[in-house]
Amino acid sequence: MAPRRRTDPGAGRAALAAWRADPQAVDRQTRGTAVRYTLEELASRAPGHSVEVRVPPFGVTQCVEGPRHTRGTPPNVVETDADTWLSLVTGVSSWADAVDTGAVRASGQRAALGNLLPLL
(Lines give C-alpha, C1' and ligand atoms only; values in the text may rest on other atoms or scores of the structure.)
Protein backbone atom coordinates (compact mmCIF):
# COMPACT_ATOMS: atom_id res chain seq x y z
CA MET A 1 0.00 0.00 0.00
CA ALA A 2 1.35 3.42 -0.99
CA PRO A 3 1.89 5.90 1.82
CA ARG A 4 -0.74 8.57 2.25
CA ARG A 5 0.33 11.98 0.99
CA ARG A 6 -0.24 14.95 3.24
CA THR A 7 1.47 17.46 0.99
CA ASP A 8 -0.25 18.47 -2.22
CA PRO A 9 2.13 17.33 -4.99
CA GLY A 10 1.64 20.57 -6.94
CA ALA A 11 2.48 22.67 -3.90
CA GLY A 12 5.44 20.40 -3.15
CA ARG A 13 6.86 20.69 -6.65
CA ALA A 14 6.39 24.48 -6.57
CA ALA A 15 8.16 24.73 -3.20
CA LEU A 16 11.01 22.56 -4.44
CA ALA A 17 11.34 24.67 -7.61
CA ALA A 18 11.50 27.83 -5.48
CA TRP A 19 14.21 26.27 -3.31
CA ARG A 20 16.20 25.18 -6.37
CA ALA A 21 15.99 28.68 -7.86
CA ASP A 22 17.38 30.36 -4.75
CA PRO A 23 17.83 28.28 -1.58
CA GLN A 24 18.76 31.30 0.53
CA ALA A 25 15.66 33.29 -0.47
CA VAL A 26 12.94 30.76 0.41
CA ASP A 27 11.03 31.21 3.64
CA ARG A 28 10.61 28.59 6.34
CA GLN A 29 7.17 27.49 5.12
CA THR A 30 8.35 26.94 1.55
CA ARG A 31 11.42 25.01 2.74
CA GLY A 32 9.22 22.86 4.98
CA THR A 33 6.78 22.10 2.17
CA ALA A 34 9.66 21.07 -0.10
CA VAL A 35 11.11 18.78 2.59
CA ARG A 36 7.78 17.12 3.40
CA TYR A 37 6.99 16.62 -0.30
CA THR A 38 10.36 14.97 -0.96
CA LEU A 39 10.11 12.76 2.13
CA GLU A 40 6.71 11.57 0.91
CA GLU A 41 8.18 11.00 -2.55
CA LEU A 42 10.99 8.89 -1.07
CA ALA A 43 8.47 6.82 0.89
CA SER A 44 6.39 6.22 -2.24
CA ARG A 45 9.42 5.14 -4.28
CA ALA A 46 10.97 2.97 -1.55
CA PRO A 47 8.04 1.77 0.56
CA GLY A 48 8.74 0.04 3.82
CA HIS A 49 9.49 0.66 7.47
CA SER A 50 13.09 -0.36 8.06
CA VAL A 51 14.73 3.08 7.72
CA GLU A 52 13.63 6.27 9.41
CA VAL A 53 14.64 9.47 7.63
CA ARG A 54 14.55 12.57 9.83
CA VAL A 55 14.80 16.16 8.63
CA PRO A 56 14.11 18.22 11.73
CA PRO A 57 12.08 20.24 12.34
CA PHE A 58 10.15 19.66 9.11
CA GLY A 59 9.46 15.97 8.81
CA VAL A 60 10.20 12.30 9.19
CA THR A 61 9.31 9.24 7.15
CA GLN A 62 9.89 5.54 7.15
CA CYS A 63 10.97 3.78 3.99
CA VAL A 64 12.86 0.81 2.52
CA GLU A 65 11.62 -2.75 2.77
CA GLY A 66 12.87 -4.87 5.61
CA PRO A 67 12.21 -5.58 9.26
CA ARG A 68 9.78 -3.19 10.88
CA HIS A 69 10.58 -1.66 14.25
CA THR A 70 7.76 -1.02 16.69
CA ARG A 71 9.20 0.79 19.70
CA GLY A 72 12.10 3.03 20.56
CA THR A 73 14.78 4.23 18.21
CA PRO A 74 14.77 2.30 14.95
CA PRO A 75 17.92 0.37 14.03
CA ASN A 76 18.38 2.31 10.76
CA VAL A 77 18.25 6.10 11.00
CA VAL A 78 19.22 8.88 8.62
CA GLU A 79 19.21 12.46 9.92
CA THR A 80 20.16 15.72 8.25
CA ASP A 81 19.13 19.37 7.95
CA ALA A 82 16.65 20.67 5.40
CA ASP A 83 19.09 22.23 2.93
CA THR A 84 21.33 19.16 2.88
CA TRP A 85 18.29 16.93 2.33
CA LEU A 86 17.03 19.07 -0.53
CA SER A 87 20.52 19.14 -2.04
CA LEU A 88 20.60 15.34 -1.93
CA VAL A 89 17.17 14.78 -3.46
CA THR A 90 17.84 17.25 -6.29
CA GLY A 91 21.33 15.92 -7.08
CA VAL A 92 23.18 19.07 -6.04
CA SER A 93 25.10 17.02 -3.44
CA SER A 94 26.07 13.36 -3.43
CA TRP A 95 25.24 10.92 -0.66
CA ALA A 96 28.90 9.94 -0.19
CA ASP A 97 30.05 13.56 0.15
CA ALA A 98 27.27 14.41 2.61
CA VAL A 99 28.12 11.40 4.79
CA ASP A 100 31.87 12.06 4.58
CA THR A 101 31.47 15.70 5.67
CA GLY A 102 29.08 14.81 8.48
CA ALA A 103 26.16 16.68 6.93
CA VAL A 104 24.24 13.39 7.03
CA ARG A 105 24.26 11.06 9.99
CA ALA A 106 23.37 7.52 8.97
CA SER A 107 23.36 4.49 11.25
CA GLY A 108 22.38 0.93 10.55
CA GLN A 109 22.95 -1.53 7.75
CA ARG A 110 20.05 -0.29 5.63
CA ALA A 111 20.62 3.43 6.21
CA ALA A 112 22.69 4.03 3.06
CA LEU A 113 20.28 5.84 0.73
CA GLY A 114 22.79 6.67 -2.00
CA ASN A 115 21.15 4.26 -4.42
CA LEU A 116 17.78 6.03 -3.98
CA LEU A 117 19.06 9.58 -4.45
CA PRO A 118 18.68 11.90 -6.23
CA LEU A 119 14.91 11.62 -6.40
CA LEU A 120 14.30 14.38 -8.93
Side-chain angles (χ1 to χ4, degrees):
M1 179 166 71
R4 184 178 65 130
R5 287 201 180 259
R6 294 178 179 206
T7 304
D8 174 78
R13 285 189 293 272
L16 188 58
W19 181 87
R20 288 178 97 173
D22 189 354
Q24 303 306 316
V26 297
D27 60 20
R28 178 179 167 83
Q29 182 176 351
T30 302
R31 182 173 277 108
T33 299
V35 167
R36 285 185 293 277
Y37 166 70
T38 55
L39 287 171
E40 291 171 4
E41 189 65 23
L42 174 65
S44 71
R45 292 182 187 201
H49 297 281
S50 69
V51 178
E52 187 166 286
V53 180
R54 302 172 180 169
V55 184
F58 298 111
V60 62
T61 195
Q62 292 183 354
C63 58
V64 182
E65 286 186 20
R68 181 183 188 126
H69 76 280
T70 56
R71 294 192 326 209
T73 301
N76 301 287
V77 176
V78 172
E79 188 166 347
T80 191
D81 63 89
D83 286 327
T84 299
W85 174 249
L86 294 173
S87 292
L88 289 167
V89 299
T90 59
V92 173
S93 298
S94 76
W95 175 260
D97 289 343
V99 170
D100 287 347
T101 62
V104 168
R105 291 162 305 288
S107 63
Q109 290 179 317
R110 297 175 185 268
L113 300 180
N115 62 328
L116 298 172
L117 301 171
L119 288 176
L120 310 166

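Keep in mind that what you see is a predicted model, and the values were worked out from it rather than measured.
Legend: residues meeting salt bridge (Lys or Arg N to Asp or Glu O under 4.0 Å) with R36, ordered by chain and number and at least two apart, are absent. Every residue two or more places apart in sequence or in another chain that forms a side-chain hydrogen bond (donor to acceptor under 3.5 Å, both in side chains) with R45 is listed here: E41. D97 meets the side chain to side chain contact (heavy atoms under 4.5 Å, CB included) test with S94; sequence neighbours excluded. With sequence neighbours left out, T7 forms a side-chain hydrogen bond (donor to acceptor under 3.5 Å, both in side chains) with E40. Partners of T30 according to the side-chain hydrogen bond (donor to acceptor under 3.5 Å, both in side chains) rule, which considers only residues two or more places apart in sequence or in another chain, are D27. For D8, the side-chain hydrogen bond (donor to acceptor under 3.5 Å, both in side chains) criterion is met by no residue, not counting sequence neighbours. In this view, N115 satisfies the side chain to side chain contact (heavy atoms under 4.5 Å, CB included) rule with no residue, not counting sequence neighbours. In this view, P9 and R5, R13, Y37 satisfy the side chain to side chain contact (heavy atoms under 4.5 Å, CB included) rule, not counting sequence neighbours. Legend: residues meeting salt bridge (Lys or Arg N to Asp or Glu O under 4.0 Å) with R105, ordered by chain and number and at least two apart, are absent. Evaluation of the side chain to side chain contact (heavy atoms under 4.5 Å, CB included) rule for P23 yields W19 as partners, not counting sequence neighbours.
Under the side-chain contact (heavy atoms from CB on, under 4.5 Å) rule, L113 has a single partner from V89, V99, V78, which is V78.
The heavy-atom pair separating A112 from W95 by the smallest distance is CA-CZ2, 3.9 Å. V60 approaches L39 most closely through the heavy-atom pair N-CD1, 3.7 Å.
Here R110 contributes atom CZ and E52 contributes atom CD; the two are 15.0 Å apart, rounded to the nearest 0.5 Å.
The main-chain N or O of E65 is found under 3.5 Å from a side-chain atom of S50 such that the two form a donor-acceptor pair.
The hydrophobic clustering, which links ILVMFWY residues whose side-chain heavy atoms are closer than 4.5 Å, places W85 and L120 together.
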